[in-house]
Student: 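First the structure, then my questions, so here it is.
Both ligands and their constituent atoms are indexed starting at 1 by order of listing.
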Amino acid sequence: MTGGIATVVGARPQFVKAAAVSRAFREAGLAEALIHTGQHFDANMSDIFFEELEIPPPKYHLGVGGGLHGAMTGAMLMRIEETLIVEKPAVVLVYGDTNSTIAGALAAAKLHIPVVHSESGLRSFNRRMPEEINRVVTDHLSALLLCPTRAAIDNLAREGISKGVVHVGDVMFDATLFAKERSRATSTIVETLALTGKRFAVCTLHRAENTDDPARLARLLDFLEKEAAERTIVFPVHPRTAKVLAASGRKIDRLLMTEPLGYFDLHRLLADCEIVFTDSGGLQKEAYFHRKPCVTLRDETEWVETVAAGWNRLWTAPSFVAPRRDIPDYGAGDAAARTVAAVRPLL
Ligand code: UD1
């Protein structure tokens with residue numbers, strides 16, 4: 001390909017976002033080459049998302065998974081650069097805040113290829129999070145900054161970035177609309193886990209800030225086990241968390257632990273659950289998209305509008321701060337189409 005879009009993905013939430021946008025690129029007749037860094041490599045962390053969400057197979061699979069941040073990001077940078085030199089795309093599209101995001105943005109910027117950042121402008125204001133470093137650097141390297149919310153635009157303005165900033169809404173809402181329908185028709189997870197007619201919650205926990213601090217992880221598990229007295233808590237365990245839990249030797253009898261779930265199974269659970277407990281960015285909004293309250297297992301959140309609109313609270317907060325109301329920022333399921341419209345002039 002010479003010209004066109006090269007999209008760098010690597011971690012689970014990026015497959016979800018890319019699914020919505022790649023579909024819109026195809027519908028618009030625009031050429032896209034997918035580059036999968038390999039950051040997430042287990043079948044239930046990667047392949048299942050390509051199958052369920054009908055994402056075309058990546059043109060390149062770089063096979064860089066695991067390792068310390070420097071080694072992982074450095075290996076991605078080398079391999080992405082080589083790939084971009086061959087592909088010669090007109091733009092490089094990156095999503096979110098992972099090591100794959102920063103590696104893609106840096107490789108492209110050094111080759112003078114305009115970077116498009118989807119989910120730009122989010123900030124936790126906590127530089128101890130690897131994701132925050134990835135976001136800030138990626139935004140400062142980007143030519144087109146696609147923001148899911150108004151707050152994201154304000155965050156960029158505070159850092160002196162206004163050129164190339166466009167509010168497109170949240171492509172995860174588009175992905176949720178696709179999944180809602182299909183999951184109802186295809187997923188049997190509620191039956192498989194014997195949850196029919198029961199009150200239950202969905203829980204995920206994988207952020208390094210939680211898993212890599214044993215005292216904090218123990219406090220979170222205590223909190224969750226206490227909440228499990230009220231209802232069953234279904235806990236699909238991310239590989240990072242599984243490793244840490246296995247090493248800690250802590251017995252967790254009160255949570256219903258499963259392998260990582262596919263997108264449709266997760267959305268079926270979200271549709272039928274009572275509440276969500278999570279440290280994931282995506283799930284905080286997916287809870288809202290299913291009109292379910294969320295308790296965020298962190299000390300801050302980038303998705304401040306979910307808190308202001310009464311749908312989300314931090315686990316340390318005593319209660320939700322407002323009556324529940326709609327959040328118009330995320331759009332009407334048209335964020336992928338608006339992304340295409342914003343990218344097209346660069347091609
Ligand atoms: C990454 C992102 C995080 C995002 C998350 C989504 C960074 C810095 N963090 O965190 O922002 O919310 O993805 O899940 O990029 N592993 C497996 N199998 C897999 C994937 C990972 O065993 O399929 C192992 C890795 O080898 C590693 C650990 O799990 O030991 C963590 O994976 P890693 O890619 O470092 O980051 P995540 O914690 O998934």
Side-chain angles (χ1 to χ4, degrees), residues 8-19 36-51 58 61-77 79-80 94-106 117-120 122-124 126-139 148 172 175 202-213 216-217 220 235-248 258-263 266 276 278-287 294 296-298 300-303:
V8 179
V9 293
R12 197 166 51 172
Q14 293 164 336
F15 309 142
V16 172
K17 293 165 199 164
H36 187 326
T37 61
Q39 180 170 355
H40 286 176
F41 47 84
D42 289 343
N44 58 13
M45 296 287 289
S46 177
D47 300 357
I48 188 166
F49 291 85
F50 282 79
E51 286 154 24
H61 198 297
L62 307 183
V64 184
L68 295 173
H69 283 261
M72 186 202 285
T73 312
M76 288 174 183
L77 180 59
R79 302 290 317 276
I80 295 169
V94 295
Y95 290 95
D97 57 16
T98 73
N99 291 341
S100 299
T101 314
I102 191 175
L106 195 48
H117 186 200
S118 173
E119 207 177 78
S120 170
L122 297 186
R123 295 291 182 268
S124 65
N126 174 1
R127 292 263 173 124
R128 292 186 58 82
M129 292 175 65
E131 293 86 355
E132 183 76 353
I133 312 268
N134 293 342
R135 287 180 197 123
V136 171
V137 173
T138 301
D139 281 336
M172 278 197 114
V202 178
C203 170
T204 73
L205 187 65
H206 73 270
R207 294 274 181 176
E209 68 208 80
N210 287 331
T211 57
D212 297 1
D213 176 345
R216 186 177 168 87
L217 181 61
L220 283 162
F235 179 17
V237 186
H238 183 287
R240 168 198 286 285
T241 314
K243 277 185 214 165
V244 172
L245 290 179
S248 80
T258 72
E259 293 288 313
L261 297 174
Y263 200 60
L266 186 80
V276 174
T278 190
D279 63 359
S280 146
L283 213 53
Q284 291 173 53
K285 289 166 302 149
E286 287 166 327
C294 178
T296 293
L297 305 170
R298 291 178 44 200
E300 70 274 309
T301 175
E302 301 79 25
W303 301 102

Student: Output all residues satisfying side chain to side chain contact (heavy atoms under 4.5 Å, CB included) with S118, sequence neighbours left out; order by chain, then residue number.
Tutor: L93, Y95, V171

Student: Students should find this: residues with any non-hydrogen atom under 4.0 Å from ligand 1. What is the answer?
Tutor: A11, P13, Q39, H40, F41, D42, M45, G66, H69, M72, D97, T98, N99, P130, E131, N134, H206, R207, H238, P239, R240, K243

Student: Under a plain distance cut-off of 3.5 Å, with no hydrogens placed, do E131 and S124 share a side-chain donor-acceptor pair?
Tutor: no

Student: Considering the options F15, F41, F49, which one meets the ring pair (Phe, Tyr, Trp, His ring centres under 6.0 Å) requirement together with H36?
Tutor: F15

Student: In terms of side-chain heavy atoms, does T278 have a donor or acceptor partner in T204 at a distance below 3.5 Å?
Tutor: yes

Student: Can you list every salt bridge (charged side-chain N to carboxylate O under 4.0 Å, His left out) pair that touches residues 94-106, not counting sequence neighbours?
Tutor: D97-R135

Student: Checking R79 now: which residues fulfil side chain to side chain contact (heavy atoms under 4.5 Å, CB included) with it, not counting sequence neighbours?
Tutor: L62, V64, E82

